Amino acid sequence: MFSLDKLVRPNIQRLTPYSCARDEFKGRAAKVFLDANENPYNTPFNRYPDPLQEELKAKLAPVKGVAPQCIFLGNGSDEAIDLVYRIFCEPGRDNVVAIAPTYGMYSVCADINDVEYRAVPLRQDFTLDADALLSATDSRTKVIWLCSPNNPTGNALERAAVERIIKEFQGIVVVDEAYSDFNDLRPFRLDLDRFPNIIVLNTFSKLWASAAIRLGMAFASPEIIALFNKVKYPYNVNILTLKQAVAMLSDLQHINLWRATLLKERSHLLPAIAELPICKAVYPTDANFFLARVTDANDIYRYLVDNGIIVRNRSRVELCDNCLRFTIGTPEENNALLGALRRYRR
Ligand code: PMP
């Protein structure tokens with residue numbers, strides 16, 4: 001049986017969180033606020049923002065299909081990734097298991113928090129080997145990191161294999177769905193009721209085209225979200241970000257248009273790259289980027305840089321020998337990339 005209490009670090013369980021002025025008084029009726037040592041001038045930037053971002057969560061909840069009490073908002077999903085370690089993993093004792101290759105911050109945050117990181121390779125075709133992952137766990141494994149669609153490989157992990165891991169592992173399973181808006185698969189955030197041990201990550205940085213405002217989301221049971229709220233900085237999302245996110249949510253048409261355009265571009269760019277003589281393989285993608293194996297990744301990378309085009313050279317990453325990762329851009333940007341690659345001679 002999954003028991004959240006057994007997973008949480010004892011110091012976090014005992015912790016009395018900081019209680020800020022905005023926690024202690026919540027009503028809107030008051031006109032005079034002399035409680036938080038703020039400066040009364042320069043409205044609205046003089047006031048501390050809502051520590052729990054209630055207005056934004058109320059607007060986000062119906063869009064994401066998740067109840068407000070199941071939402072944590074942070075300074076990018078990177079904040080949520082770090083908090084997972086700080087809540088669940090005892091430095092120098094606990095470990096986590098993750099697929100490889102995958103998003104780099106899971107291992108960087110493990111190192112920062114002095115937590116052993118066990119990387120388990122995907123299969124050669126980048127599919128998930130649930131048996132290998134589960135057998136890498138032991139009694140001190142607190143978290144399994146799954147990224148779907150996975151960065152840098154681009155593919156969504158097979159749902160049946162992910163569900164098996166969630167059901168058989170008695171710790172926390174993080175399913176990072178930063179790129180799930182770029183496919184029609186059922187996102188795991190809609191299954192929080194079935195899986196008390198999952199934390200699903202989403203971000204405003206990808207389809208929502210707002211990487212600069214630094215806004216990430218974690219969806220989980222109210223009990224897990226309460227732990228995030230206990231450990232986070234009191235005012236972790238600033239008012240500029242809150243206002244911009246609320247504005248984005250009031251105009252979903254833009255987002256739907258971007259999605260349609262990017263998916264169309266993806267369906268043109270992939271086969272066009274696959275046809276190039278330099279291309280050995282293009283891997284299937286469920287995200288707004290794809291991985292291609294080329295004849296000489298380092299040389300092609302440098303050639304593109306010389307032509308003012310920056311892609312991601314992933315050739316030193318496990319299983320990604322000679323691979324470049326291409327993000328889908330505007331039609332003009334994609335044409336510039338294709339044109340340059342067609343002119344490449346070595
Ligand atoms: N998860 C994945 C899989 C990512 O690729 C990235 C960023 N590239 C992030 C999370 C971080 O997102 P954010 O900008 O919300 O911190």
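Counting starts at 1 for both ligands and their atoms, following the listed order. These figures come from a predicted structure and were not determined experimentally.
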Item to check | salt bridge (charged side-chain N to carboxylate O under 4.0 Å, His left out) against Arg316, all qualifying residues, sequence neighbours excluded | outcome: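 Arg316 satisfies salt bridge (charged side-chain N to carboxylate O under 4.0 Å, His left out) with no residue once adjacent residues are dropped.
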Item to check | Residues which pass salt bridge (charged side-chain N to carboxylate O under 4.0 Å, His left out) with Asp5, listed by chain and number, not counting sequence neighbours | outcome: none
Item to check | Same apolar cluster: Leu240 and Leu60, side chain cutoff 4.5 Å | outcome: no
Checklist entry - What do you reckon, are the aromatic ring centroids of Tyr179 and Trp208 less than 6.0 Å apart? => result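 Between Trp208 and Tyr179, which both carry aromatic rings, the centre distance is not below 6.0 Å.
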Checklist entry - Considering only heavy atoms, which protein residues lie less than 4.0 Å from any atom of ligand 1? => result Gly76, Ser77, Asp78, Tyr103, Cys147, Asn151, Asp176, Ala178, Tyr179, Thr203, Ser205, Lys206, Arg214
Next on the checklist: Just to verify, what does Asn155 make a side chain to side chain donor-acceptor pair (under 3.5 Å) with, not counting sequence neighbours?
Outcome noted: Thr153
Checklist entry - Are Ser315 and Asn322 linked by a side-chain donor-acceptor pair shorter than 3.5 Å? => result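 There is no such pair between these side chains.
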